[in-house]
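Written out below as structure tokens is the structure these notes cover.
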Amino acid sequence: MIDFALESRYHPNQKIAFQREPPHTVIMADKITVLIADDEDGLRSTIAAWLNDEGFAVDEAPDGKEAIRKVQVKDFDIALLDIKMPGANGLEVLRYIRKNSGSTEVVMMTGMSDVTMAVEAMKLGAREYLTKPLDMDQLVPQLRNLLQKRDAEDRIRRLQSEHTARLLYDLHNPIAGLKQSIGYLLKGMAGPLGDHQKELLGYMTNSIDKVVLLLNDMMDLTKLEGGRVRLNEGIGNLGDSLTKVIQEFQIPIKSNKITLDQLIEPDLPPLEYDSEKIEQVIQNFLSNAVKYTPVQGAIVGQIRKVQLVMEEGQIPTDFLMLSVFNSGSGIPKNEIPLIFDRYRNVTAGKDNKQQTTGLGLIICQRIIEAHNGKIWVESEPGKGATFYFALPIR
């Protein structure tokens, strides 16, 4: 069993065409779902009864571990968490929710002696904290106001995302037109060119290609981060997806005399996933592997069934894990945490020419997270790198 809380692992790169529904917009006709986690049975039952009478849909958890188990199987609009609980305390549950259920608003419940911990909870992403004893008359309007703020922020984010997408599209068109015009010049359609002129126009074309690729990645990432991605999920075989993508890389693999091994554990269960987007992630894994593997180097693609513990206190669950190893120069240890930072460049090895913006990796991360999976990387300089993702078996 792999304990994800103790092990860290791999990442990827490529192109999209999405649309997903925005997370959790509250429609007042629907019941607001609330999780109450508190080890004081009387207080927990009182709050639950009060909220039920006000039309909320309430689940209860007597400790932190049970709260995490409930969050694993259901999305809540609000989580009311006691700070001090057995099993896993409120801060641990908060960390899990912030990492795995981004649309859930967290409110901490605390005694006066725990105010310092409540402030720490706010730093970790809690929206508010309430001191005990709770003012039940104020609790309902507080929770409703909290969701109204969340929905307003969601609308602002969507508007920002749409504006950014339009801006990127508007930039893309004239740049593509410029490249087309340069192509006409290179063909001599505006008169003969000298060698130096051809060289300069070729340099301009290469620069434009880089800008177009960057704009494409930015448009894809904007769609993902704006929540406008609809997964076209179906039942598929992850091994078939790996085999299909590997076939696309046969020419560069053979031309560089790279050894490629494909290791697929037998009798793997089928998965429910968007094959086009997952194959895009695999393409990025293999593209990076081919790019950074030296002549006569090695690439290994592997799929196996594993059990992962994603967070402390979580029950191990079954996943299919796909990994791609390459025998390249590896990634410096201090750069591994930057792999998924969209604002930092990561250099593989010592060759400055092997520099990337990392946007492709961010896109792949968003795709895997949309499937409720995990993506990570492990590497040591001089010992190659392995990129992983794991998808849950449902």
Side-chain angles (χ1 to χ4, degrees), residues 4-5 23-26 30-151 153-154 309-315 317 369 372:
F4 199 89
H24 252 105
T25 298
V26 173
D30 295 338
K31 284 194 173 184
I32 296 171
T33 56
V34 179
L35 173 65
I36 305 170
D38 197 308
D39 60 331
E40 295 182 45
D41 294 340
L43 175 61
R44 189 181 68 251
S45 299
T46 298
I47 297 172
W50 189 280
L51 294 180
N52 274 318
D53 287 345
E54 293 291 333
F56 291 76
V58 180
D59 275 4
E60 300 179 47
D63 56 59
K65 286 189 175 180
E66 179 63 21
I68 289 174
R69 281 192 285 269
K70 286 184 177 293
V71 172
Q72 286 175 348
V73 298
K74 180 179 178 180
D75 287 330
F76 294 91
D77 292 307
I78 297 172
L80 281 169
L81 307 178
D82 185 26
I83 284 186
K84 291 185 177 179
M85 291 187 289
N89 65 34
L91 295 183
E92 292 173 288
V93 180
L94 168 62
R95 289 189 187 96
Y96 180 84
I97 291 174
R98 285 281 65 83
K99 192 170 183 180
N100 297 279
S101 184
S103 62
T104 301
E105 296 291 355
V106 178
V107 178
M108 308 303 294
M109 299 183 293
T110 176
M112 291 300 295
S113 61
D114 299 326
V115 170
T116 301
M117 290 183 68
V119 173
E120 180 64 23
M122 300 291 281
K123 294 178 182 177
L124 292 173
R127 187 57 74 101
E128 291 184 11
Y129 73 89
L130 306 175
T131 54
K132 298 178 181 179
L134 302 184
D135 184 339
M136 301 303 293
D137 288 326
Q138 293 298 315
L139 180 60
V140 170
Q142 284 175 319
L143 297 185
R144 292 193 185 279
N145 287 338
L146 191 62
L147 292 184
Q148 288 174 356
K149 291 178 183 177
R150 183 194 69 181
D151 294 341
E153 291 169 359
D154 284 346
V309 177
M310 296 302 201
E311 294 283 341
E312 185 177 348
Q314 184 180 357
I315 297 173
T317 52
E369 288 177 348
N372 297 315

For the pair T110 and K84, evaluate side-chain contact (heavy atoms from CB on, under 4.5 Å) and give the outcome as yes or no after the intermediate values.
-> CA-CA 8 Å; T110 176; K84 291 185 177 179; over 6 Å; no
Apply the test side-chain contact (heavy atoms from CB on, under 4.5 Å) to residues L139 and L51: give CA-CA distance (whole Å), side-chain angles for both, the deciding distance (0.1 Å), then the verdict.
-> CA-CA 9 Å; L139 180 60; L51 294 180; 4.1 Å; yes
Check step by step if side-chain contact (heavy atoms from CB on, under 4.5 Å) holds for I32 and R144.
-> CA-CA 9 Å; I32 296 171; R144 292 193 185 279; 3.6 Å; yes
May I have the step-by-step check of side-chain contact (heavy atoms from CB on, under 4.5 Å) for M85 and V93, ending in yes or no?
-> CA-CA 10 Å; M85 291 187 289; V93 180; 4.2 Å; yes
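Atom CG of N89 is separated from atom CG of D63 by 11.5 Å, given to the nearest 0.5 angstrom. Separating the NZ atom in K70 from the CG atom in D59 is a distance of 4.5 Å, to the nearest 0.5 Å. Rounded to the nearest 0.5 angstrom, D75 CG and L35 CG are separated by 11.5 Å. Between the CG atom of L124 and the CZ atom of R98 there is a distance of 10.0 Å, given to the nearest 0.5 Å.
Using a cut-off of 4.0 Å between Lys/Arg side-chain N and Asp/Glu carboxylate O, E66 and R69 are scored as salt-bridged. Using a cutoff of 4.0 Å between basic side-chain nitrogens and carboxylate oxygens, R150 and D77 are scored as salt-bridged. Under 4.0 Å is where a charged nitrogen must lie from a carboxylate oxygen, and between E40 and K132 at least one such pair does.
In this structure, I68 and A88 approach most closely via the heavy-atom pair CD1-CB, 4.4 Å. Scanning all heavy atoms of the two residues, the minimum distance from A67 to A37 falls at CB-CB, 3.8 Å. K31 and G55 make their closest contact through CG-O, 3.3 Å (heavy atoms, listed as atom of the first residue, atom of the second, distance). Scanning both residues, T104 and F76, for their nearest heavy atoms gives OG1-O, 2.7 Å. Residue G87 comes nearest to E92 through the heavy atom pair O-OE1, 4.4 Å, listed as atom of the first residue, atom of the second, then distance. Closest of all the heavy-atom pairs between I47 and M136 is CA-CE, 3.8 Å.
Residues I97 and L81 form a side-chain contact, since some pair of their non-hydrogen atoms from C-beta on lies under 4.5 Å apart. Within the 4.5 Å cutoff, side-chain heavy atoms of L134 are placed close to those of M109. Contact of the E60 side chain with the D38 side chain is not registered, since no non-hydrogen atoms from C-beta on lie closer than 4.5 Å. For the pair L43 and D82, the minimum side-chain heavy-atom distance is 4.5 Å or more. Taking 4.5 Å as the limit, every side-chain heavy atom of E54 sits out of range of all side-chain heavy atoms of L143. Between K149 and R127, the closest side-chain pair of non-hydrogen atoms falls below 4.5 Å. Side-chain contact between L91 and R95: present, with at least one pair of heavy atoms (C-beta onward) separated by less than 4.5 Å.
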